[in-house]
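First the structure, in the form of structure tokens, and then the observations on it.
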Amino acid sequence: MDNSVAFKRDNLTILGKKFVPFIRSKEITKRIKFIAKEIRNDYKGKIPVFVVILKGAIFFAAELLKNINIPLRVETLKAKSYGNSMQSSGKVDLFVTGEDFAGKDLIIVEDIIDTGLTISTIIDKLSSYKPNSLEIATLLMKPKNLRCDLRVKYCGFEIPEKFVIGYGLDFAEFGRNLKDIYILE
Ligand code: IMP
Ligand code: MG
């Protein structure tokens with residue numbers, strides 16, 4: 001088995017899989033700032049609670065929340081669904097920080113929506129707290145893979161059904177720290 005990990009700007013190999021540049025960091029940051037502005041306008045006069053899905057969404061959340069200049073709160077939720085493979089298992093365990101979500105305006109911050117099974121489970125869990133509103137902000141989405149009826153209010157980029165890494169997204173826990181987003185060759 002090839003278990004080497006090599007990071008070069010335009011040629012990246014992780015455990016024998018080759019990845020190539022897909023979305024550059026400048027473009028990502030620009031898009032996130034645009035979404036931040038939308039959220040700031042939509043939530044004026046409210047104190048939204050952002051529920052950041054660990055671990056993948058922390059990079060997106062950091063850039064997004066820094067650019068929303070209104071009072072807000074941050075909580076986290078750990079959803080374990082993927083293991084080290086490239087396929088969604090559909091089975092999800094949830095661990096959430098904070099519980100006083102009743103009557104609050106919640107925004108789920110996710111790295112990527114693939115089949116939508118993970119986020120659907122998260123929505124079910126958060127809805128049970130009876131929030132005032134519940135929206136989704138995701139950096140990436142693969143619309144063709146979607147298997148649930150989801151209304152995604154804030155989406156960074158719609159992408160093809162190929163595996164991507166970087167900007168928080170991992171393959172076997174590698175690649176989260178990459179500034180750009182890379183796609184499987
Ligand atoms: P879903 O349940 O099929 O929507 O999968 C969502 C989760 O799978 C995300 O939170 C990611 O952790 C992971 N995932 C899906 N697609 C990718 C990808 O292309 N790269 C890295 N992780 C992915
Ligand atoms: Mg993952």
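These numbers come from a predicted model, not from an experiment. Counting starts at 1 for both ligands and their atoms, in listed order.
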- Going by atom types alone, do S133 and D105 pair a side-chain donor with an acceptor below 3.5 Å? yes
- Query: Does the side chain of D100 pick up a donor-acceptor pair with the side chain of Y129 at under 3.5 Å?
  - Reply: no
- From T118, L117, I119, I183 - option closest to atom 5 (O) of ligand 1 by heavy atom: T118
With atoms numbered from 1 as shown, which atoms in ligand 1 lie under 4.0 angstrom from a non-hydrogen atom of [X]?
{"X": "L169", "result": "21 (C), 22 (N)"}
{"X": "D170", "result": "21 (C)"}
{"X": "E110", "result": "10 (O)"}
{"X": "T115", "result": "1 (P), 2 (O), 3 (O), 4 (O)"}
{"X": "D111", "result": "9 (C), 10 (O)"}

- Any G116 heavy atom less than 4.0 Å from ligand 1: yes
- Return yes when R147 approaches ligand 1 closer than 4.0 angstrom through a heavy atom, no otherwise. no
- Sorted by first residue and then second, give each salt bridge (charged side-chain N to carboxylate O under 4.0 Å, His left out) pair with at least one member in residues 46-59; sequence neighbours left out. K55-E173
- Query: Any donor and acceptor pair, going by atom type alone, linking the side chain of R31 with main-chain N or O of C155 inside 3.5 Å?
  - Reply: yes
- Message: With a 3.5 Å distance limit and no angle check, can you tell me whether D111 reaches the backbone of G168 through a side-chain donor-acceptor pair?
- Response: no
- Measure the acute angle between the ring planes of F163 and F171, then classify it against the limits of 30° and 60° as parallel, tilted or perpendicular. perpendicular
